[in-house]
Undergrad: 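Sharing a structure here in structure tokens format.
Atom set for the values below is all heavy atoms of this structure, side chains included, hydrogens, waters and symmetry mates excluded.
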Amino acid sequence: MEGERYVLLGLGTTRSPWFTEVARWATAGSLPAEFVKCMSVEELRVRLTSGRPFSSVLVDARSGAVDRDLLDVASRQRVSVLVVDGTGDDRWLALGATAVLPADMTRDQLVAALGDHSRLIGAATHLPVGDAPTAADTPTAAGPLVAVTGAGGAGTSTVAMALAQALAEPAAGRAVVLADLCLDADQAMLHDARDIVPGVQELVEAHRAGRPAPAEVRGLTFEVVSRGYDLLLGLRRHRDWAVLKPRSFAAALAGLRAAYDAVVADVDADLDGEAECGSVEVEERNVMARTTVAQADAVVAVGTPGVKGLHALVRTVDRLRDHGVDPERIVAVVNRSARAARGRAEMGRSFADLSGRGRAGPPVVGPVHLTERRGLDDLLRDGAPLPRGLAAPVAGAVAHVLVAVGPLPAPAGGPVPVAAGSLGRWAEQEAAG
């Protein structure tokens with residue numbers, strides 16, 4: 001159609017000769033394209049999501065901007081990504097890029113790539129319609145993921161440690177990792193970890209533009225010999241959440257699950273996102289908790305006895321339900337509960353009344369009661385194993401959920417990457433042998 005041309009977004013470096021050449025071809029009219037230079041990856045993302053249709057993104061591999069999140073944004077806007085890499089590295093294709101072009105590409109090479117992978121934009125071109133579904137970074141072979149959450153001061157981190165210890169018992173023969181995914185990470189302090197790196201930031205960075213092997217993932221954790229599990233340290237500072245991007249974190253979580261037989265994640269109870277409060281920043285801040293809870297095979301909600309503790313526990317359970325967690329996958333735990341049977345019974349009735357009020361469907365599991373343990377601080381200080389009586393009840397309830405409800409089914413309906421050559425060959429190729 002007359003007036004059709006390619007609309008290209010470009011992101012290069014100060015030493016990218018192709019960046020100048022493409023602009024010159026577009027200006028001279030030798031390339032049927034409109035070339036829009038971007039000064040930063042942030043500008044590139046804003047332009048991609050502006051609603052204006054684009055044909056392709058040309059991005060230099062040396063810019064450091066090519067990662068899962070950028071490719072995901074482009075995919076959602078139906079824009080192909082052409083990575084310009086002078087080294088001939090084809091790992092970008094495995095990451096989701098459309099094609100790789102050499103740094104000294106000619107005009108004909110670029111035109112051919114645009115013809116194969118890009119759409120023409122006309123004057124009356126329709127805008128992109130909504131977000132296209134994308135495949136989640138779900139592990140192909142992964143053990144259970146158990147999220148442990150609760151209000152501050154409820155003993156959530158200690159319960160997560162006890163659960164990881166119980167799952168890692170030698171008789172089970174499982175490789176278990178305890179991942180600290182809280183914004184205010186306390187597991188390093190509770191384990192008296194002298195090092196602060198590597199941690200979750202390094203794990204996410206490793207998955208930002210790659211897919212490390214399970215051995216490399218395990219190399220980012222610390223072995224807790226006395227309790228039998230490995231520990232993934234959390235954020236070094238609260239504000240470091242700003243470096244975590246949704247797609248990269250989802251890939252990192254999938255890599256962690258692929259490297260271990262079971263993952264116990266200590267996460268925050270704040271699950272607010274853009275839909276709840278209208279803020280994208282809040283959703284990105286809570287990306288660890290939201291992603292982990294949504295993919296967890298079981299979620300342990302920890303609270304304390306008393307009016308305020310019970311109210312906080314019910315509120316945590318309600319947030320999990322509102323986030324889409326199946327009630328049958330939620331295990332409620334009352335930490336530092338009463339020893340007397342009567343007190344526990346009253347607590348159980350109150351919790352059932354409050355958590356089931358106005359809610360249809362099955363109830364949550366529990367509550368499981370954990371009594372106050374004397375000398376717990378001494379055990380934490382010495383790095384000794386936690387009491388079996390603290391770990392066994394929660395592990396038993398979680399095992400019941402995993403058996404009764406089963407693993408969380410993988411999301412369906414999204415497109416999946418197709419490896420080159422996996423769909424067969426053209427008839428001409430078959431004839432040529």
Side-chain angles (χ1 to χ4, degrees), residues 1 3-123 125-128 131-132 134 208-210 245 247-248 415 417-420:
M1 184 176 71
E4 285 187 335
R5 82 287 192 214
Y6 297 108
V7 180
L8 310 177
L9 290 173
L11 179 63
T13 68
T14 55
R15 297 182 179 180
S16 301
W18 66 267
F19 202 62
T20 305
E21 285 296 297
V22 173
R24 186 173 64 81
W25 295 336
T27 303
S30 60
L31 181 70
E34 174 186 345
F35 188 54
V36 181
K37 293 182 178 179
C38 297
M39 301 303 294
S40 66
V41 66
E42 288 76 18
E43 180 186 354
L44 179 58
R45 293 176 188 274
V46 170
R47 288 187 179 276
L48 277 173
T49 57
S50 64
R52 182 185 176 185
F54 293 99
S55 303
S56 291
V57 171
L58 287 172
V59 56
D60 198 304
R62 296 174 299 175
S63 65
V66 186
D67 58 19
R68 296 178 187 278
D69 290 272
L70 177 63
L71 296 172
D72 181 58
V73 171
S75 174
R76 289 174 181 272
Q77 303 302 323
R78 295 185 292 172
V79 177
S80 59
V81 177
L82 308 179
V83 179
V84 183
D85 190 345
T87 65
D89 192 347
D90 60 353
R91 65 189 174 99
W92 307 114
L93 300 178
L95 202 63
T98 308
V100 179
L101 295 173
D104 56 349
M105 62 181 168
T106 63
R107 188 193 67 86
D108 292 340
Q109 286 178 305
L110 177 57
V111 171
L114 293 175
D116 291 340
H117 306 293
S118 305
R119 56 175 173 158
L120 290 165
I121 306 298
T125 301
H126 295 292
L127 295 176
D131 290 339
T134 59
R208 195 169 74 88
K245 300 303 179 185
R247 293 286 295 175
S248 298
V418 178

Undergrad: Do S55 side-chain atoms and R119 backbone N/O form a donor-acceptor pair below 3.5 Å?
TA: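 Yes, because the side chain of S55 sits within donor-acceptor range (under 3.5 Å) of the backbone of R119.
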Undergrad: Between T98 and S80, does any side-chain donor sit less than 3.5 Å from a side-chain acceptor?
TA: no
Undergrad: Which pair of non-hydrogen atoms, one from L101 and one from Q109, has the smallest distance, and what is that distance?
TA: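 So the minimum-distance heavy-atom pair works out to CD2-O, 4.5 Å.
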Undergrad: Let's go through D60 and W18 carefully: what are the C-alpha distance in whole Å and the side-chain angles of both, what is the deciding distance for side-chain contact (heavy atoms from CB on, under 4.5 Å) to 0.1 Å, and is it a yes or a no?
TA: CA-CA 9 Å; D60 198 304; W18 66 267; 2.8 Å; yes
Undergrad: Looking at CG of L82 and CG of D85, how far apart are the two atoms once the value is rounded to the nearest 0.5 Å?
TA: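 Between L82 CG and D85 CG, I get 13.0 Å after rounding to 0.5 Å.
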Undergrad: Judged by atom type as modelled, is there a donor-acceptor pair below 3.5 Å linking the side chain of T13 to the main-chain atoms of S63?
TA: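 No; zero donor-acceptor contacts below 3.5 Å.
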Undergrad: Heavy-atom distance under 4.5 Å between the side chains of F35 and L58, does that happen here?
TA: yes
Undergrad: Quick one: are V73 and L44 in side-chain contact, heavy atoms under 4.5 Å?
TA: no
Undergrad: I need the minimum non-hydrogen distance between P32 and R5, along with the two atoms involved.
TA: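 Reported closest heavy-atom pair: O-CB, 3.5 Å.
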Undergrad: Quick one: which residue pairs count as a side chain to side chain donor-acceptor pair (under 3.5 Å) with a foot in residues 23-33, not counting sequence neighbours?
TA: E21-R24
Undergrad: What is the distance from atom CG of L70 to atom CG of L11, rounded to the nearest 0.5 Å?
TA: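 So the CG of L70 and the CG of L11 are separated by 8.0 Å.
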Undergrad: Do the side chains of R76 and L48 get nearer than 4.5 Å, heavy atoms only?
TA: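 They are not in contact (no side-chain heavy atoms under 4.5 Å apart), so the answer is no.
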Undergrad: Heavy atoms only: give me the nearest V59-A65 pair and the separation to one decimal.
TA: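 Smallest heavy-atom distance, with atoms named: CG2-CB, 4.5 Å.
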Undergrad: Please walk me through it: do L95 and V83 pass side-chain contact (heavy atoms from CB on, under 4.5 Å)?
TA: CA-CA 11 Å; L95 202 63; V83 179; over 6 Å; no
Undergrad: Quick one: do L120 and Y6 satisfy side-chain contact (heavy atoms from CB on, under 4.5 Å)? Show the steps, please.
TA: CA-CA 5 Å; L120 290 165; Y6 297 108; 3.5 Å; yes
Undergrad: Looking at D69 and S248, what are the two nearest heavy atoms and their distance?
TA: OD2-OG, 2.7 Å
Undergrad: Is any side-chain heavy atom of F19 less than 4.5 Å from a side-chain heavy atom of K37?
TA: yes
Undergrad: Is there a side-chain contact between L8 and L114 (heavy atoms, below 4.5 Å)?
TA: yes
Undergrad: Measure the shortest side-chain to side-chain distance between R208 and K245 over non-hydrogen atoms and say whether it is less than 4.5 angstrom.
TA: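 Not in contact.
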